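Just so you know, ligand 1 is whichever comes first in the structure, and atom 1 is the first atom listed for that ligand. Because only heavy atoms are used, hydrogens play no part in the values below, and waters and symmetry mates are left out as well, while side chains stay in. As the structure is a computational prediction, the values presented were derived from the model and not from experiment.
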Amino acid sequence: MDLTLSDDQQSFRAAAREFLDREVVPFRTEWDHAESVDLAIVPKLGEQGFFGLMLPEQYGGLGLDLLTYCVAMEELGRADSAIRGIVSVSAGLVGKPILAHGTDAQKERWLPGIASGELLGCFGLTEPDHGSDAAHLRAKAVRDGDDWLITGEKIFITNGTWADVCLVFARTGGDGPRGITAFLVPTDSPGFERRLVTGKLGLRGQATAALSLTDVRVSADAVLGEEGQGFKIAMSTLDTGRVGIAASCTGIIAGCLAAVVDYTTQREQFGKPVAGYQLVQDMIADISVDADAARLLVWRAADLAMRGENFSIAASKAKYFASEAAVRAANNAVQCFGGYGYVDDYPVAKYLRDARVMTLYEGTSQIQKLLIGRSETKISAFG
Ligand SMILES: Cc1cc2nc3c(=O)[nH]c(=O)nc-3n(C[C@H](O)[C@H](O)[C@H](O)COP(=O)(O)OP(=O)(O)OC[C@H]3O[C@@H](n4cnc5c(N)ncnc54)[C@H](O)[C@@H]3O)c2cc1C
């Protein structure tokens, strides 16, 4: 594994950072307070290549690799996790599985729009009574001639009220993971209702929604992959998703580090910069080590994936470590800022609020530990 980025990857990082510093960073607090980003940013992100980064050029993408995607996620995490989530869900949790499992017709219908940012996707797995235990989800799809009728409830769906297409996981067979099928459902279908979930601790600029589907009719060509393969598709999609989340957590930690170094070397108490006190440097050192360790776990997982090896557990380790580290680093960063860290004049308060969800979604820290523990012991502690 090469621990340096190529010239192209470094140029990509520089261009991404320059764009985000201009188009996102100056507005992130305003969007956070408004509980919505300005959606005019979405096509601009598309033009910059964020949505199509891993999609082939044939569909308007850049055809770049997972490591470059991780670089993009790190920069997005540093700039604004709300924006990062809009991109990673549409591109990573919807665009990527369409590319991996879709028919040519499905790819042609959805991928060019997703790559440009003209269309947004959302990923409908979690239900009110089935979060970590997604294998027993209850949304149901029944046949009606050649069509399917889908009925069920989904909760906490990122991009939910904005998305044009929802990757809906619904039960078409018996109980358990093998009875689940994935469907690409246009969100303007009759019977598809969505309600905004407000009052979030963090990621406030991002639309999170409750979805309610009542006899939503889709034709047979809405099935993504094979009938009964939905849970497999969801889990393999989340493997890559977890690497992306871990990369974006690395961005939060790196953002915290830059902010605390800048602030503590200027802020004076007792006649010298607070960075000159060992107890403050202790916190800064922890943030610095967390940034490096998180990034290395991300790159290791990306490297395995790019070499075609199984990277599922490496993804869980990266996601578990980086998400916990992001919370720890942001908490340390607030401490380094003193009272000024508790208000929105500096980015660290928002980093802390945004970081908090990272240990929850795409598999909680407990679920990642169960996956890692099962892999080590060959004994499942689930259920
Ligand atoms: C802002 C936000 C955005 C989200 N976006 C999406 C999205 O786009 N699409 C989507 O499908 N979902 C999304 N989610 C949902 C998210 O993935 C779930 O919240 C998450 O999987 C946890 O499920 P739950 O909330 O039902 O918690 P539960 O599963 O009820 O867990 C509660 C607690 O019990 C623990 N626990 C559960 N089972 C076990 C076990 N076997 N052993 C030990 N501990 C256990 C958990 O770790 C947790 O601490 C989002 C959530 C949030 C908050």
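Here atom 21 (O) of ligand 1 lies nearest to Leu360 when heavy atoms of Ile155, Leu360, Leu201 are compared. Summarising the contacts of atom 15 (C) of ligand 1 with Thr126, Asn159, Leu238, Leu93, the nearest heavy atom is found in Thr126.
For atom 17 (O) of ligand 1, the nearest protein heavy atom lies under 4.0 Å away. For atom 5 (N) of ligand 1, a protein heavy-atom neighbour is found at a distance under 4.0 Å. For atom 2 (C) of ligand 1, a protein non-hydrogen atom is found at a distance below 4.0 Å.
Listed by atom number, the atoms of ligand 1 under 4.0 Å from Glu362 heavy atoms are 17 (O).
Atoms OG and CZ, on Ser219 and Phe183 in that order, are 10.5 Å from each other to the nearest 0.5 Å. Once rounded to the nearest 0.5 Å, the distance linking NZ of Lys200 with CD of Gln206 reads 6.0 Å.
In terms of N/O distances under 3.5 Å, ligand 1 is approached by Phe156. For the pair Ser132 and ligand 1, the shortest N or O to N or O distance falls below 3.5 Å. For a threshold of 3.5 Å applied to N or O pairs, the pair formed by Phe123 and ligand 1 contains at least one separation below that value. For the pair Tyr361 and ligand 1, the shortest N or O to N or O distance does not fall below 3.5 Å. For His130, no nitrogen or oxygen atom sits less than 3.5 Å from a nitrogen or oxygen atom of ligand 1, counting backbone and side chain alike.
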Worksheet item: Given the rule in the side chain to side chain contact (heavy atoms under 4.5 Å, CB included) test, do Leu137 and Phe231 qualify, once you have shown the distances and angles that lead to the verdict?
Response: CA-CA 10 Å; Leu137 61 79; Phe231 192 71; 5.8 Å; no
Worksheet item: Are Arg328 and Ile253 close enough, and set up right, to give a side chain to side chain contact (heavy atoms under 4.5 Å, CB included), and what steps lead you there?
Response: CA-CA 9 Å; Arg328 187 162 62 229; Ile253 306 169; over 6 Å; no
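Contact annotation: for Gln206 versus ligand 1, there are no heavy atoms closer than 4.0 Å. The side chain of Leu370, and not its backbone, has at least one atom closer than 4.0 Å to an atom of ligand 1 (non-hydrogen atoms only; side chain from C-beta on). When heavy-atom distances to ligand 1 are checked against a 4.0 Å cut-off, Thr364 comes that close only through its side chain, counted from C-beta outward.
The closest donor-acceptor contact from the side chain of His101 to the backbone of Leu224 lies at 3.5 Å or more, if one exists at all. Remark: side-chain polar atoms of Asp354 are not paired, donor with acceptor, to backbone N or O of Gly202 under 3.5 angstrom. Panel note: side chain Gln106, backbone Val223; a donor-acceptor pair is recorded below 3.5 Å. For Lys319 (side chain) and Gly363 (main-chain N/O), a donor-acceptor pair under 3.5 Å exists by modelled atom type.
At the top of the distance list for atom 8 (O) of ligand 1, counting protein heavy atoms only, stands Thr158 N, 3.0 Å. Given atom 53 (C) of ligand 1, the protein heavy atom at minimum distance is Val357 CG2, 3.6 Å. Scanning the protein for heavy atoms near atom 45 (C) of ligand 1, the closest one is Gln366 CB, 4.4 Å.
Minimum interatomic distance between Cys166 and Leu211 (heavy atoms only, all atoms of both residues): SG-CD1, 3.8 Å. The minimum heavy-atom distance between Ile155 and Val197, with the atom names listed, is CD1-CG2, 4.4 Å.
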